[in-house]
Amino acid sequence: MVMILPFLVVGIIIASTILVCSYRVIYGPGTFNRIVAANVIGTKAIVLLIVVGYIIERPHFIDIALMYAVIAFIGTIIIAKYAERGELCSR
Amino acid sequence: MEMTEMVEDHRTFSIALTFCIMFIFWLLLSAWTIYLPEPYDLSKVSRGILAALIVTFLTYEIFVPGRGEKVLLKTRRFIPYVGWELWQIYLATIDVAKRVFGILEVDPQIIEFDTTLRSDFALVAFADSITLTPGTITIDVEPERGRYIVHAIAKGPADSLTVDQTMQKKVGYVFMEE
Amino acid sequence: MLAIDVISTIFLAAGSLIMITGTVGLLKFPDFYTRLHATGKCDTLGQILIILGCMIYEGFTFITIKLLLVSAFYLLAGPASTHALMKAAYVTGLPVWKKGDKRM
């Protein structure tokens, strides 16, 4: 039941889409386009972690993917609130 | 007297429910891969119980909300709604793909409309449903009047919210707030 | 065995195609709000399909439940973060692109 090749192809595709998304992070006009691109890179990184876990045949990478999903979600919310209010804590 | 007994009863119930769910979650996440291949050991399991207890006493107040009415009926109506929502995600992705590759046009507009929904669960469920269905994203919600501000990518998806109102009726049916 | 491999490969290919569509939308659409339309929907379905392919390949083991947890968490968290970004941009007054304007 060795089927590495499809996972390898999917991993390469996702990695190259991450590379293309970094164009928006670097050149995107304004703050919000950069935040969206960073959010998308976070989502793709979750899937890439799972696929890499199957490529090197160590599926315990899923734990790391779960933690990364939680951290990326909290990071996006905090950055959005900071951009909305200009401060993090309203007394 | 009866009132305090009921509150106490509800508190015990929510602590027990939260503890059970947290311990099952701990078992799912760590015990099977790390602990079970080795021989049984009470100290390792007690670590999980301790972690579950700490999380329980921190979060039992917000984890189990107050007792609503007809929870079972609402849950039974909610499950087919989730299936319908997954189908809508598929349709939404096909719609966005057509607009990306230039088959359909892009003509964004911002619309506002009122609904009859008032409770928190119904408002959140309807906002998430708007975001996941074809061509619309929720911008803002005013909970007092049930007013939604929505960004639509073209005129067709905007009309499906303001004119057809299929989804309002579905969410209203699930949460009984028609 | 072969049938399971073929089915999971089909799911993986569909998921990566949808991910590519979302990335093209992120580059091609004219302003911030429409870019969020592309990324928010395509990434949700692409992630569901790729994880479904992994679940079919894995069979019914303990890891399948963890994969289901990752997918369900993103299904809850994705619309929330999209909505937070949208509201932040709308409150701070980012202009909305109308048909015929210049690209932003």
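Only heavy atoms go into these numbers, but all of them, side chains included; no hydrogens, no water, no symmetry mates. To find a chain, count down the sequence lines: A is the first, B the second, and so on, and within it residues start at 1.
At a 4.5 Å heavy-atom cutoff, the contact between C/Val24 and chain B is made by backbone and side-chain atoms alike. In this structure, chain B has a heavy atom under 4.5 Å from the side chain of C/Thr82, while its backbone stays farther away. In this structure, the portion of C/Leu69 lying under 4.5 Å from any heavy atom of chain B is its side chain and not its backbone. At a 4.5 Å heavy-atom cutoff, B/Ile130 makes no contact with chain C through either its backbone or its side chain. Using a 4.5 Å cut-off between heavy atoms, B/Ser129 does not touch chain C at all. Heavy-atom distances place the side chain of C/Lys28, and not its backbone, under 4.5 Å from chain B.
Atoms OG1 and CE, from B/Thr131 and C/Met86 in turn, are 8.5 Å apart once rounded to the nearest 0.5 Å. Interatomic distance, CZ of C/Phe60 versus CE of C/Met55, reported as 9.0 Å (0.5 Å rounding).
The environment of CZ in B/Phe57 is sparse: at most 12 heavy-atom neighbours from other residues, nucleotides or ligands sit within 6.0 Å. For C/Phe11, the CZ atom sits in a loose shell: 12 or fewer heavy atoms of surrounding residues, nucleotides or ligands are nearer than 6.0 Å. For NZ of B/Lys155, the number of neighbouring non-hydrogen atoms (other residues, nucleotides, ligands) closer than 6.0 Å is 12 at most.
Across all their heavy atoms, C/Trp97 and B/Pro108 have their closest contact at O-CG, 3.2 Å.
Chain C forms more heavy-atom pairs under 4.5 Å with one residue of B/Leu132, B/Val106, B/Ile149, B/Ile89 than with any other, namely B/Val106.
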